[in-house]
There are 2 protein chains.
Amino acid sequence: MSTATVNPAGGTSPAPAADACCTPSQGEAILNAGQAEALALRFKALGDPNRLRILSIVSASESAETCVCDLPEPLGLKQPTVSHHLKILVEAGILHREKRGVWAYYSVVPGALESLGASLAAKP
Amino acid sequence: MSTATVNPAGGTSPAPAADACCTPSQGEAILNAGQAEALALRFKALGDPNRLRILSIVSASESAETCVCDLPEPLGLKQPTVSHHLKILVEAGILHREKRGVWAYYSVVPGALESLGASLAAKP
DNA sequence: AATAGGCATCGACGATTGTCGATGTTTTGA
DNA sequence: TCAAAACATCGACAATCGTCGATGCCTATT
């Protein structure tokens with residue numbers, strides 16, 4: 001009866017025996033490391049309560065943008081911390097930064113959140 | 001979580017002062033700390049490449065359930081690490097764990113990813 | 001009962017993260 | 001030209017995270 005259990009040694013699941021826990025594998029349809037890393041970067045940006053609240057504030061005024069000066073107060077955070085979170089959201093492609101004069105205005109990148117949500121419903 | 005936050009219903013742009021960066025605030029329509037923390041917990045679970053790959057494998061399985069014994073090999077992780085990630089995904093309400101005999105089978109909670117995606121499209 | 005195997009938990013380690021004070025950069029106004 | 005204000009960046013610190021070896025628990029088999 002050849003192999004009884006699937007063991008990680010190099011062999012790629014020869015044949016599913018009766019006492020095997022389940023069907024060994026299904027081809028190569030899973031996320032590779034690169035795709036997973038890119039997706040994780042964007043979800044990680046959403047994995048902080050204060051960043052979610054920043055998004056909530058910014059997206060609550062969709063037509064207009066939100067300037068940094070209005071964020072520290074409702075969040076209870078200091079200005080450098082807010083800038084730090086904003087940078088992470090920009091690098092994740094979720095927020096857009098536009099500086100006018102002394103002030104910096106942030107807005108949600110159109111379709112960014114929707115595309116992230118779609119990648120969830122489709123299959124990670 | 002029906003956050004249909006449509007804030008600017010009344011006055012439309014009440015002519016902000018020249019030296020004000022923008023409209024000061026819009027009441028209390030943003031995510032509070034508790035809601036943000038709960039949402040962040042679930043997004044944080046998706047903020048790791050290996051957990052995304054685990055989700056990919058589990059949701060790609062025909063039988064819709066995958067046993068732990070098949071995960072360490074394609075991920076290149078040791079068994080305790082895989083168990084750790086699985087626990088995080090279960091606590092986030094994304095995966096379901098069912099033990100049959102010696103083996104433990106994991107499956108995606110129906111609608112879990114879709115509801116997370118929906119919370120994205122409908123403003124965090 | 002004793003053994004073997006699958007999986008969860010524990011303890012530890014380096015790496016990453018969130019926060020803040022201090023400082024730098026840029027623009028506006030006097 | 002200088003001063004003030006808004007925002008970004010830097011450096012530091014505690015906390016959390018990802019990973020793994022060792023170990024324990026549970027189940028099925030002998």
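Computed from a prediction, not measured in an experiment: that's the story for all the values here.
- Across all strands shown, B:L77 has heavy atoms under 4.0 Å from sugar-phosphate atoms exclusively, and none from any base.
- Proximity note for B:I88 (side chain, C-beta onward) versus D:dG18, C:dT19, C:dC7: the nearest is D:dG18.
- Taking the side chain as every heavy atom from C-beta outward, B:I94 and B:I88 never approach each other to under 4.5 Å.
- For the pair A:E73 CD and D:dC7 P, the interatomic distance rounds to 13 Å; values are reported in whole Å.
- With values rounded to the nearest 0.5 angstrom, A:R42 atom CZ is found 12.5 Å from B:L46 atom CG.
- In this structure, the side chain to side chain contact (heavy atoms under 4.5 Å, CB included) partners of A:A104, at least two apart in sequence or on a different chain, are A:V68, A:R97, A:Y106.
- Proximity note for B:V68 (side chain, C-beta onward) versus C:dG18, D:dT19, C:dC7: the nearest is C:dC7.
- A:H85 has no side-chain polar atom (N or O) that falls below the 4.0 Å cut-off from OP1 or OP2 of C:dT17.
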Identify every side-chain donor-acceptor pair in residues 32-41 of chain A under 3.5 Å, counting partners at least two apart or on other chains, and give the distances.
{"from": "A:N32", "atom 1": "OD1", "to": "A:G34", "atom 2": "N", "distance (Å)": "3.3"}
{"from": "A:N32", "atom 1": "OD1", "to": "A:Q35", "atom 2": "N", "distance (Å)": "2.8"}
{"from": "A:Q35", "atom 1": "OE1", "to": "A:N32", "atom 2": "N", "distance (Å)": "3.3"}

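- B:Y105 has its side chain out of reach of B:T66: every pair of non-hydrogen atoms, C-beta onward, lies at least 4.5 Å apart.
- Taking side-chain N and O atoms only, B:Y106 has a distance below 4.0 Å to OP1 or OP2 of C:dA8.
- Between B:L46 atom CG and D:dG18 atom P the separation is 12 Å, expressed in whole Å.
- For the pair B:L86 CG and D:dG18 C1', the computed distance is 14 Å after rounding to whole Å.
- Counting any heavy atom pair closer than 4.0 Å across all strands shown, A:H84 reaches a base atom.
- Nucleotide C:dG18 holds its C1' atom 17 Å from the CG atom of A:L71, rounded to whole Å.
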Reading 5' to 3' through nucleotides 21-30 of chain D, protein heavy-atom contacts under 4.0 Å coded B for base, S for sugar-phosphate only, - for none: BB----SS--

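- Between A:Y105 atom OH and C:dT26 atom C1' there is a gap of 15 Å when expressed in whole angstrom units.
- Considering only residues two or more places apart in sequence or on other chains, A:H85 meets the side chain to side chain contact (heavy atoms under 4.5 Å, CB included) condition with A:D48, A:N50, A:R51, A:I54, A:L77, A:T81.
- The salt bridge (charged side-chain N to carboxylate O under 4.0 Å, His left out) contacts involving residues 100-117 of chain B comprise B:E65-B:R100, B:E98-B:R100, where partners must be two or more places apart or lie in separate chains.
- Two residues are said to be in side-chain contact when any heavy atoms from C-beta on lie closer than 4.5 Å; A:I57 and A:P74 meet this criterion.
- If you check D:dT9, D:dG18, C:dA8 against the side chain of A:K87, the one that comes closest is D:dT9.
- To the nearest angstrom, P of C:dA8 lies 12 Å from CD of B:E91.
- Recorded end-axis angle for the helix from C:dA1-D:dT30 to C:dA30-D:dT1 stands at 20°, based on five pairs per end and rounded to 10 degrees.
- Using a 4.5 Å cut-off between side-chain heavy atoms of Ile, Leu, Val, Met, Phe, Trp and Tyr, with links allowed through other members, A:L71 and A:V90 fall into the same hydrophobic cluster.
- Within the 3.5 Å criterion, the main-chain N or O of B:L31 finds a donor-acceptor partner in the side chain of A:S56.
- Comparing D:dG18, C:dG6, C:dT17 against the side chain of A:K44 picks out C:dT17 as the nearest.
- The CG-P distance, from A:L52 to C:dG18, rounds to 11 Å in whole Å.
- For the pair A:D48 CG and D:dC17 P, the interatomic distance rounds to 11 Å; values are reported in whole Å.
- Close to C:dC7, at under 4.0 Å from its OP1 or OP2, lies no side-chain N or O of B:R97.
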